[in-house]
K.L.:
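One structure, pasted below without further comment.
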Amino acid sequence: DLQWKPLKEIKPDEIVVIAKSLPSDNSHIDKSLGFMRIAGCYLGDGWARRREDGSDFNLALFKPKQAQFYKNLMAEEFGQIHCAQDNRGLHWYNKQITASIEKHFNISLKSYSKEIPAWVWQCSKEQIQELLMGILDADGYLNANGGHYLELANIALLEQIKALAIKCGWRTSNIYLRKGTRVASL
């Protein structure tokens, strides 16, 4: 009979089982993989705001290939909308895009208080993987051995991302502090 126990209650002779993923019924979450990738990049290093004179959606992407990938992805999801690019990243000044992001995320949250919305936990493995890849595009990097690392100042978001990665069956490291930034490998 399997049962959960706190670590301090496990005896040396007991068998321990670790779940690599969690089952879910995700047939009702209707989000494209492209939207999920954009949403992940937004969670990692993006911002959106509504103003009286207009709305803007921004992704802090600077590598040319990566920027072009997201410009194309945004065009597939929202149609051909002008994208401005400067030293702060990519900018779409469009109410439709901002409204779509605002519908799914609390855009008033700053980077230290962003969180994974509840609906994401019901998404398919493929949708969650795209969300995670978007987060890695924004705030991740590859180490010399080809492992993905993610650095965020928001520890709660980092813990949620780690839980999503585990749900998808990805191996993750512990979260540790490195030079004032919390780091996890995915």
Side-chain angles (χ1 to χ4, degrees), residues 24 26-51 54-142 148-154 156-168 170 172 184 186:
S24 65
N26 44 46
S27 58
H28 62 283
I29 304 296
D30 185 25
K31 304 283 180 281
S32 71
L33 296 179
F35 179 84
M36 296 303 288
R37 185 75 171 248
I38 293 164
C41 193
Y42 164 77
L43 280 170
D45 203 358
W47 65 100
R49 46 183 179 192
R50 278 186 305 129
R51 301 181 308 221
S55 299
D56 59 306
F57 176 72
N58 308 273
L59 299 174
L61 297 170
F62 305 100
K63 296 176 186 169
K65 284 184 180 178
Q66 195 178 50
Q68 190 58 53
F69 173 81
Y70 277 90
K71 287 178 185 179
N72 294 341
L73 197 55
M74 291 291 289
E76 289 173 23
E77 291 297 313
F78 297 102
Q80 290 295 335
I81 298 169
H82 174 71
C83 175
Q85 189 169 0
D86 63 19
N87 63 351
R88 295 176 299 136
L90 304 174
H91 312 279
W92 290 267
Y93 300 98
N94 182 277
K95 289 180 182 179
Q96 174 199 0
I97 295 171
T98 304
S100 179
I101 295 300
E102 186 175 30
K103 178 180 173 184
H104 298 94
F105 298 92
N106 182 349
I107 67 171
S108 67
L109 296 177
K110 303 301 179 204
S111 62
Y112 286 98
S113 55
K114 282 184 182 176
E115 58 189 13
I116 303 290
W119 62 266
V120 170
W121 297 95
Q122 299 302 313
C123 287
S124 71
K125 179 178 180 178
E126 292 78 18
Q127 288 171 312
I128 293 172
Q129 286 175 332
E130 283 301 310
L131 182 91
L132 293 171
M133 291 306 296
I135 293 168
L136 287 168
D137 287 343
D139 275 334
Y141 62 92
L142 289 173
H148 291 277
Y149 281 79
L150 180 63
E151 292 191 15
L152 293 171
N154 181 338
L157 181 59
L158 195 53
E159 288 171 347
Q160 291 173 339
I161 292 165
K162 180 179 176 179
L164 282 175
I166 291 169
K167 180 177 178 171
C168 289
W170 292 12
T172 65
L186 303 175

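It should be emphasised that the depicted structure is a prediction, and the values quoted were computed from it without experimental measurement. The figures that follow rest on heavy atoms only: side chains count, while hydrogens, waters and symmetry mates do not.
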K.L.:
Does K125 reach the side chain of I128, with side-chain heavy atoms less than 4.5 Å apart?
P.N.:
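With C-beta onward as the side chain, the pair stays apart.
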K.L.:
Where do W119 and H104 come nearest, in terms of heavy atoms and distance?
P.N.:
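Answer, listing the atom of W119 first, then H104: NE1-O, 3.1 Å.
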K.L.:
Work out which heavy atom in C168 is nearest to a heavy atom in L132; give both atom names and the distance.
P.N.:
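Heavy atoms only, the tightest pair is SG-CD1, 4.4 Å.
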K.L.:
Please tell me if the side chains of S32 and E77 come closer than 4.5 Å, counting only heavy atoms from C-beta onward.
P.N.:
yes
K.L.:
For the atom pair CG (N154) and CD (E159), what is the distance rounded to the nearest 0.5 Å?
P.N.:
9.0 Å
K.L.:
To the closest 0.5 Å, what do you measure between CD1 (I161) and CG (L158)?
P.N.:
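It comes to 6.0 Å.
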K.L.:
Within a 6.0 Å radius of atom CZ on R50, are there more than 12 heavy atoms belonging to other residues, nucleotides or ligands?
P.N.:
no
K.L.:
I'd like to check L142 versus H148 (side-chain heavy atoms, cut-off strictly below 4.5 Å). Are they in contact?
P.N.:
yes
K.L.:
Is there a donor-acceptor pair under 3.5 Å between the side chain of S100 and the backbone N or O of Q96?
P.N.:
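Looks like no, no N/O pair under 3.5 Å.
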K.L.:
Does any non-hydrogen side-chain atom of R37 lie less than 4.5 Å from one of Y70?
P.N.:
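Result yes, sub-4.5 Å side-chain heavy-atom pair found.
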K.L.:
Output the distance between atom CD1 (I101) and atom OG (S55), rounded to the nearest 0.5 Å.
P.N.:
12.0 Å
K.L.:
Between the main-chain N or O of I116 and the side-chain N or O of Q160, is there a donor-acceptor pair closer than 3.5 Å?
P.N.:
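Yes, Q160 side chain to I116 backbone: donor-acceptor pair under 3.5 Å.
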K.L.:
Please confirm whether the backbone N or O of Y42 pairs with a side-chain atom of K114, one donor and one acceptor, at under 3.5 Å?
P.N.:
yes
K.L.:
Side chains of I135 and L164: does their closest heavy-atom pair fall under 4.5 Å?
P.N.:
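Side chain of I135 against side chain of L164, heavy atoms only: no contact under 4.5 Å found.
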K.L.:
Are any side-chain N or O atoms of E76 and backbone N or O atoms of G34, one a donor and one an acceptor, separated by less than 3.5 Å?
P.N.:
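No, the answer is negative, given that no donor and acceptor are paired below the 3.5 Å cut-off.
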K.L.:
Tell me which donor-acceptor pairs under 3.5 Å the side chains of residues 57-68 have, and how far apart each pair is, sequence neighbours excluded?
P.N.:
residue: N58; atom: OD1; partner: H91; partner atom: ND1; Å: 2.3
residue: N58; atom: ND2; partner: W47; partner atom: O; Å: 3.4
residue: N58; atom: ND2; partner: D56; partner atom: OD2; Å: 2.9
residue: Q66; atom: NE2; partner: D137; partner atom: O; Å: 2.9
residue: Q68; atom: NE2; partner: N72; partner atom: OD1; Å: 2.9

K.L.:
Could you tell me the separation between the CD atom of E130 and the CZ atom of F35, rounded to the nearest 0.5 Å?
P.N.:
13.0 Å
K.L.:
Below 4.5 Å, heavy atoms only, C-beta onward: do C123 and M36 meet side chain to side chain?
P.N.:
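With C-beta onward as the side chain, the pair touches.
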K.L.:
So how far is it from K95 NZ to E102 CD, rounded to the nearest 0.5 Å?
P.N.:
12.0 Å
K.L.:
Can you tell me how far CG of N94 sits from CD1 of I81, rounded to the nearest 0.5 angstrom?
P.N.:
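It comes to 3.5 Å.
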K.L.:
Testing the basics here: between R49 and T98, what is the closest heavy-atom pair and its distance to 0.1 Å?
P.N.:
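R49 and T98 have their closest heavy atoms at O-CG2, 3.7 Å.
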K.L.:
Which atom names give the shortest non-hydrogen contact between L90 and Q85, and what distance separates them?
P.N.:
CD2-CD, 3.4 Å
K.L.:
Where do C41 and A138 come nearest, in terms of heavy atoms and distance?
P.N.:
O-CB, 3.6 Å
